[in-house]
Amino acid sequence: MDFREVADSVAAEIAAGRLRPGDRLPPQRIFARRHGIAGSTAARVYRELTRRGLTVGEVGRGTFVRAADPQPGPALAEPTGSRIDLELNYPVVPGQAKLLADGISPLLRADVLESSMRPVGAAGTPMARNVVADLLARGPWRPEPERLLFAGNGRQAIAAALAALVPPGARLGVEELTYPVLKGIAARAGVTLVPLRVDAAGLDPAAVEAAARKAPLKAVYVQPTMHNPLSISMPAERRAELADVLTRLDLPAIEDGIWSFLRDDLPPLAAFAPEHTILVDSLSKRLAPGLSLGFAVLPGPAVAPVAAALRSGGWTPMRFALEAATRWLTDDTARSVARAKHRDAAMRQEIAAGHLGAFAIRSDPRSYYCWWELPPPWRADTFVAAAARYGIAITPAAAFAVGRNSAPNAVRLGLASPPPRTLSRALAILAGLARSTPDDLLAE
């Protein structure tokens with residue numbers, strides 16, 4: 001029998017799902033005996049499967065079915081045929097999977113895995129609280145581990161904080177351009193969002209005070225570091241001013257620090273107003289979205305109500321994710337991945353600057369996204385639709401805008417998801433599109 005025919009039969013097993021990613025093929029001598037072929041032919045079959053990208057050999061362990069390349073998923077608000085995703089923004093760097101796999105390999109021992117499958121509460125474990133406190137520490141500030149709670153991901157931590165602080169029908173102050181998921185969480189909770197002015201230094205403390213004087217606010221949601229979508233990071237002076245307003249008004253803040261790993265030179269708002277700030281962070285951007293973990297640093301009085309919200313919402317963490325994160329944060333894995341993402345973000349910003357430097361772009365050289373104020377006669381909605389015709393998904397400003405005021409004529413470009421060459425090609429297309437007009441597109 002020709003070795004290629006045998007390889008074809010194994011490939012068919014993989015395609016049908018009878019051999020799944022991660023399954024180990026038998027040793028070559030056993031494979032040869034099962035298929036009635038010579039050992040040398042079995043070796044050629046295994047080499048052929050590796051050449052086709054269907055298997056991978058690991059020294060000392062054997063040959064395994066390889067995971068398939070990820071297929072492009074549908075964009076959030078555009079046709080499912082979109083091929084280049086500049087909407088979803090999940091950075092993954094080369095070599096990351098190997099680092100993460102090495103970090104959690106001890107968890108796969110049967111005795112350790114059995115322990116990791118047991119349930120865990122919102123308080124996590126003492127070791128997890130300590131390593132996350134070290135992760136979040138900035139300069140002299142380090143959160144008290146006993147004030148840390150865990151969720152399945154950052155969104156759940158935000159939802160729990162909102163549930164504990166803001167009852168249905170009450171008002172939550174937010175930046176006038178804010179995280180779209182927060183808008184959805186607030187809508188489902190029956191919370192009214194109050195847009196607050198943002199300037200070049202971030203959320204304006206005077207706007208917070210004016211809104212609170214006009215009608216009571218129950219809390220404020222704010223992104224002080226690497227604001228999404230504007231990439232603004234509040235200077236320390238602005239954080240101190242905002243902390244002073246929060247303290248004087250006795251107003252709690254939910255601080256979203258999801259992207260702050262890209263700017264670890266700035267202390268969080270929680271360092272300035274620890275008794276008035278719930279700091280929320282997660283590992284989805286810092287490490288990987290598929291095995292995430294959310295956490296929150298809380299003022300003492302907020303620990304019990306937020307823990308209750310996590311339990312009632314079903315948002316407590318999976319123990320396996322908690323144990324994996326603890327290992328990644330204890331060794332050098334998390335730091336290595338974060339350093340690689342710092343370099344990756346800077347490289348992608350250079351690509352963006354090369355194609356879009358002539359346009360009104362707002363960003364940070366360390367950020368994974370940019371805010372593009374479109375040139376006339378383009379409107380955001382028509383530009384998004386035009387980009388979709390070229391298979392590129394982007395996010396209009398309306399997704400971030402709060403309140404009934406008209407959204408800016410802008411779009412956000414997420415730079416993290418496509419490979420660099422694909423990103424460059426997409427940005428070149430968008431730049432050419434912006435230099436044309438909607439009428440030019442209709443004339444094609």
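This chain uses plain numbering: 1 for the first residue, then up along the sequence.
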Hydrogens and angles aside, do Ser231 and Ser367 bring a side-chain donor and acceptor to less than 3.5 Å of each other? yes
Between the side chain of Thr330 and the main-chain N/O of Thr326, is any donor-acceptor distance below 3.5 Å? yes
The test is side-chain hydrogen bond (donor to acceptor under 3.5 Å, both in side chains); show your working for Tyr179 and Arg155 and say whether it passes. CA-CA 11 Å; Tyr179 180 35; Arg155 296 178 181 187; 3.2 Å; yes
Ring pair (Phe, Tyr, Trp, His ring centres under 6.0 Å) partners for Phe359, two or more places apart: Trp372
Asp332 vs Arg339, salt bridge (charged side-chain N to carboxylate O under 4.0 Å, His left out): CA-CA, chis, key distance, verdict: CA-CA 11 Å; Asp332 198 48; Arg339 287 193 295 266; 3.0 Å; yes
Residue that, paired with Val198, satisfies side-chain contact (heavy atoms from CB on, under 4.5 Å) out of Ile232, Asp204, Thr178, Leu177: Ile232
Lys183 side chain to Ala399 backbone, donor-acceptor under 3.5 Å: yes
Main-chain N/O of Pro216 paired to Arg171 side chain as donor or acceptor, under 3.5 Å: yes
Is Arg412 close enough and on-axis enough to Tyr369, meaning under 6.0 Å and within 45°, for cation-pi? yes
CG on Leu283 to CG on Leu100, rounded to 0.5 Å: 10.0 Å
Ignoring hydrogens, what is the shortest heavy-atom contact between Ala157 and Ala151? Give both atom names and the distance. N-CB, 3.8 Å
Is the shortest side-chain N to carboxylate O distance from Arg327 to Glu323 below 4.0 Å? no
Can you measure from NZ (Lys285) to CG (Asn89) and round to the nearest 0.5 angstrom? 6.0 Å
Under the 3.5 angstrom rule, does the side chain of Asn409 hit a backbone N or O of Ala380 as a donor-acceptor pair? yes
How would you list, by chain and number, every residue that makes a salt bridge (charged side-chain N to carboxylate O under 4.0 Å, His left out) with Asp102, sequence neighbours excluded? Lys98
Can you tell me how far apart CD1 (Ile392) and CZ (Arg425) are? Round to the nearest 0.5 Å. 8.5 Å
For the backbone of Leu269 and the side chain of Glu255, can you confirm whether one donor and one acceptor N or O come within less than 3.5 Å of each other? yes
Suppose we screen for side chain to side chain contact (heavy atoms under 4.5 Å, CB included). Which residues come up paired with Leu172, at least two apart in sequence or across chains? Leu162, Val166, Val174, Leu182, Val191, Leu193, Ala219, Tyr221
Of all the heavy-atom pairs spanning Ala334 and Leu287, show the shortest one and how long it is. CA-CD2, 3.8 Å
To the nearest 0.5 Å, atom CD1 of Ile361 lies from atom CG of Leu356 at 4.5 Å
Counting N and O atoms only, with roles assigned by atom type, does the side chain of Glu176 sit under 3.5 Å from a partner on the main chain of Ala401, one being a donor and the other an acceptor? no
Does any donor atom in the side chain of His355 or Ser424 lie under 3.5 Å from an acceptor atom in the other side chain? yes
Would you say the side-chain atoms of Asp23 pair up with the backbone N or O of Val65, donor to acceptor, closer than 3.5 Å? no
Are Arg239 and Thr225 linked by a side-chain donor-acceptor pair shorter than 3.5 Å? yes
Can you confirm whether the side chains of Arg379 and Thr382 place a donor and an acceptor under 3.5 Å from each other? no
Give a yes or no on whether a salt bridge exists between Arg248 and Glu241, defined as a side-chain N under 4.0 angstrom from a carboxylate O. no
Please table the atom pairs, donor to acceptor, closer than 3.5 Å between any side-chain atom in residues 134-141 and protein atoms at least two apart or in another chain.
unit_1, atom_1, unit_2, atom_2, d
Asp134, OD1, Arg142, NE, 2.7
Asp134, OD1, Arg142, NH2, 3.0
Arg138, NH1, Leu135, O, 3.1

Would you call the rings of Tyr368 and Trp259 parallel, tilted or perpendicular if under 30° counts as parallel and over 60° as perpendicular? tilted
Side chain Glu175, main chain Gln223, donor-acceptor under 3.5 Å: yes
At what distance, to the nearest 0.5 angstrom, does CD of Gln156 lie from CG of Leu293? 10.0 Å
Which value, rounded to the nearest 0.5 Å, describes the distance between Leu374 atom CG and Leu430 atom CG? 9.5 Å
Heavy-atom donor-acceptor pair, Ser417 side chain to Leu88 backbone, under 3.5 Å: yes
For Arg421, what residues pass the salt bridge (charged side-chain N to carboxylate O under 4.0 Å, His left out) criterion, not counting sequence neighbours? none
Any residue meeting salt bridge (charged side-chain N to carboxylate O under 4.0 Å, His left out) with Arg435, in chain and number order, not counting sequence neighbours: none
